[in-house]
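Chain naming here is simple, since letters A, B, ... match the order of the sequence lines and numbering starts at 1 in each.
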Amino acid sequence: MSGQEDKYALLRAYLDNDMQQVKEMLVLFLDNIPADLTELTTFCREHDFANIQKSAHRMKSSVKFFGLNEVSEMLQQMEKMAENNAKPDDIDAMSSLLNRKMENELEILRKELTLL
Amino acid sequence: MLKMKRPLRIFVVEDDLFYGELLKRHLSLNHDNEVHLFKTGKECLEKLYLKPDVISLDYGLPDIPGDTVLKKIKVDYPELPVIIVSGQEDIKTAVSLLRGGAYDYFVKDGDTKDRLWNAVNKIRQHKNLRVELEELKDEIEQKYAFRNIIKGSSPSLKKVFALMDKAIRSNITVSISGETGTGKELVAKAIHYNSPRAKKPFIPINVSAIPNELIESELFGYEKGAFTGANTRKIGKFELAGGGTLFLDEVAEMDANMQTKLLRVIQEKELTRIGGHDVVKTDARLIVATHRNLAEEVQKGNFRQDLYYRLLGLPIELPPLRQRGVDVLLLSKYFVKLYCKENGLEQKTFTKAARDKLMSYSYPGNVRELSAVVELAAVMSDGKYIDEQHISFNSAGVPSDFLAEETTLAGYNKKIIRYFLEKFDNNVFLTAEKLGIGKSTIYRMLKNKNI
């Protein structure tokens with residue numbers, strides 16, 4: 001549990017340690033992030049660099065609140081790749097890597113939600 | 001009266017639903033905040049009619065760029081604090097937004113919540129100070145609601161009220177005349193605080209109280225180094241009264257040289273500080289007052305005719321108290337209530353004999369004198385009643401001027417009857433009763449124009 005508390009430290013700080021609100025925010029995140037990820041994946045598939053940049057930029061802040069620092073770094077990398085008009089293949093590769101990582105992390109978060 | 005304080009209304013404009021919700025919840029930890037969340041710039045702009053007190057604006061919105069939203073907000077609400085919250089640390093953008101009127105610029109990082117929290121608290125403090133200031137201004141306006149401060153119901157005073165109403169609804173210069181103690185400054189304040197200029201300053205200056213050689217610098221100000229001792233720039237009363245009202249009391253006492261300068265400023269609506277070169281525009285409304293008859297002063301050559309006509313504007317003549325009949329009793333009642341409260345005394349009332357005594361006096365010092373007489377009477381009386389022995393008049397207020405001009409007995413009779421008619425609002429019945437003569441005597445004299 002102590003590890004879990006550290007993971008949500010930033011979120012708790014925003015919510016004055018109100019665990020009920022932490023839980024509600026986790027639910028909100030889990031409800032919305034799959035759609036955001038799908039949208040980002042679509043932009044990657046279409047090689048829509050402008051929207052990849054916007055989408056990745058937006059998501060990279062939110063994921064940090066749940067301790068998903070690695071995911072956040074990947075999103076930042078993707079944002080930069082889009083900014084620099086990277087090779088489409090590289091974007092595709094990064095997109096699938098991100099999807100796999102995200103699926104695992106979301107699965108863990110869903111389990112943690114039941115324990116909160 | 002204290003206004004109900006409404007919560008601080010905060011708009012959070014954030015396209016990231018999660019982050020927006022988080023900011024909303026964070027700011028709502030303070031129950032004095034009312035937080036509204038919007039996902040787009042368009043939604044925010046459409047809801048500006050709700051009059052937010054502060055906006056936290058995400059720079060990278062999907063529909064309208066943050067700087068455009070900021071510009072649009074500033075067009076209609078230039079004073080509204082807008083805090084930009086951006087995901088990018090870009091000094092150029094930050095500087096440009098701050099120049100464009102942004103209140104602050106925060107990068108989304110671990111400290112965002114604390115920075116936002118502190119900024120919002122600071123804005124709340126400013127807002128509370130502004131509200132307090134407005135309440136104080138309202139209080140002053142209420143205090144100077146003219147029927148609250150000028151007591152009386154005599155016909156002569158009703159005429160004054162009618163003229164004040166006209167003065168309040170216009171920007172015309174007002175010239176107030178009346179004997180000392182009739183309340184000229186109170187009338188000037190009442191006009192100002194009931195006019196659209198009420199939120200701007202009311203600056204009074206008593207010309208007779210300032211030496212001639214200083215009046216120019218008092219009115220127009222001076223620049224640093226204009227003369228020995230001018231160590232700093234001084235803003236004059238005309239400038240201080242900008243948008244408000246300048247009240248020149250005892251204007252007839254102004255010397256000829258200063259009258260010329262004043263005339264120029266009134267005509268040109270601009271002035272130059274002593275020792276300065278810059279021309280300063282002035283839009284202060286003028287209200288002047290004097291206990292002298294200005295027209296007579298013009299005839300005597302003591303006052304410039306052209307300035308007289310400039311200042312005359314709407315003339316309001318305040319009647320002396322001796323011509324205000326039963327207002328004496330109404331005012332006495334008001335003063336006794338006020339002074340009993342101020343002096344920690346039980347409330348008192350006047351006996352019939354005390355009322356008669358108050359009515360029998362001519363009050364050369366007018367309302368100011370009556371106020372002093374009543375305060376003393378309230379202090380001198382020990383019980384619940386103020387009797388005639390508690391009332392003492394210090395000035396020779398009995399109509400001694402009757403004797404100043406020698407006349408026949410019939411002439412004195414006329415003067416006495418005229419005096420009491422004025423005192424009782426031309427009430428023949430009261431006058432006849434007071435003087436112990438028949439009403440018909442008075443009617444006959446009136447008919448024959450003997451009085």
Side-chain angles (χ1 to χ4, degrees), chain A residues 6-37 39-40 43 48 50-69 71-73 75-76 78-80 82-83 102 106 109 113, chain B residues 10 12-33 35 37-41 56-69 83-90 92-93 105-121:
Chain A
D6 285 338
K7 194 173 178 181
Y8 298 117
L10 185 56
L11 191 57
R12 284 193 292 108
Y14 265 78
L15 300 169
D16 199 26
N17 286 315
D18 181 339
M19 287 314 283
Q20 180 55 36
Q21 290 214 56
V22 169
K23 197 173 167 181
E24 285 167 13
M25 289 308 292
L26 178 54
V27 170
L28 183 73
F29 178 75
L30 290 172
D31 281 351
N32 287 284
I33 202 73
D36 288 342
L37 191 62
E39 190 186 55
L40 177 61
F43 293 145
D48 180 348
N51 278 321
I52 293 171
Q53 212 179 319
K54 277 186 194 171
S55 206
H57 175 77
R58 197 181 62 230
M59 287 168 69
K60 74 178 180 192
S61 314
S62 307
V63 295
K64 274 190 181 172
F65 286 96
F66 300 95
L68 309 185
N69 294 335
V71 175
S72 178
E73 277 167 28
L75 285 163
Q76 190 167 1
M78 188 175 267
E79 187 188 352
K80 272 193 182 160
E83 193 183 342
M102 200 65 151
L106 292 183
L109 285 176
L113 177 63
Chain B
I10 306 171
V12 172
V13 192
E14 175 60 63
D15 67 325
D16 181 345
L17 183 65
F18 170 80
Y19 192 62
E21 181 64 30
L22 190 57
L23 285 183
K24 182 181 172 180
R25 286 175 182 240
H26 176 62
L27 292 169
S28 300
L29 290 173
N30 182 337
H31 298 299
D32 288 335
N33 291 341
V35 189
L37 178 60
F38 303 106
K39 277 185 78 180
T40 62
S56 163
L57 177 68
D58 181 20
Y59 181 67
L61 290 170
D63 59 339
I64 314 172
D67 52 349
T68 310
V69 179
I83 300 166
I84 307 288
V85 180
S86 171
Q88 284 169 357
E89 200 167 347
D90 178 358
K92 264 190 183 174
T93 310
Y105 180 94
F106 301 147
V107 177
K108 280 181 192 171
D109 59 19
D111 295 330
T112 308
K113 75 172 177 60
D114 295 328
R115 287 195 191 134
L116 192 59
W117 185 266
N118 292 338
V120 165
N121 281 343

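- Interface remark: of the candidates B:Leu27, B:Leu29, B:Leu17, B:Leu29 forms the most heavy-atom pairs closer than 4.5 Å to chain A.
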Please list every donor-acceptor pair closer than 3.5 Å that links chain B with chain A, giving the two atom names and the distance for each.
{"residue": "B:Asp16", "atom": "OD1", "partner": "A:Ser62", "partner atom": "OG", "Å": "3.3"}
{"residue": "B:Asp16", "atom": "OD2", "partner": "A:Ser62", "partner atom": "OG", "Å": "2.3"}
{"residue": "B:Tyr19", "atom": "OH", "partner": "A:Tyr14", "partner atom": "OH", "Å": "3.4"}
{"residue": "B:Arg25", "atom": "NH1", "partner": "A:Gln21", "partner atom": "OE1", "Å": "3.1"}
{"residue": "B:Arg25", "atom": "NH1", "partner": "A:Glu24", "partner atom": "OE1", "Å": "2.6"}
{"residue": "B:Arg25", "atom": "NH2", "partner": "A:Glu24", "partner atom": "OE1", "Å": "3.0"}
{"residue": "B:His26", "atom": "ND1", "partner": "A:Tyr14", "partner atom": "O", "Å": "2.7"}

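- Listed here is the closest heavy atom pair of B:Ile64 and B:Leu61: O-CB, 3.4 Å.
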Intermediate values then yes/no, side-chain contact (heavy atoms from CB on, under 4.5 Å), B:Val12 and B:Phe38: CA-CA 6 Å; B:Val12 172; B:Phe38 303 106; over 6 Å; no
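- The aromatic rings of B:Phe18 and A:Phe66 are tilted relative to each other, their planes meeting at an angle between 30° and 60°.
- In plain terms, the two heavy atoms of A:Ala82 and A:Ile52 that are nearest each other are CB-CG2, 3.8 Å.
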For A:Leu26 and A:Val22: C-alpha separation, side-chain torsions, deciding distance, then whether side-chain contact (heavy atoms from CB on, under 4.5 Å) applies. CA-CA 6 Å; A:Leu26 178 54; A:Val22 169; 5.6 Å; no
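- Residues A:Leu109 and A:Leu30 form a side-chain contact, since some pair of their non-hydrogen atoms from C-beta on lies under 4.5 Å apart.
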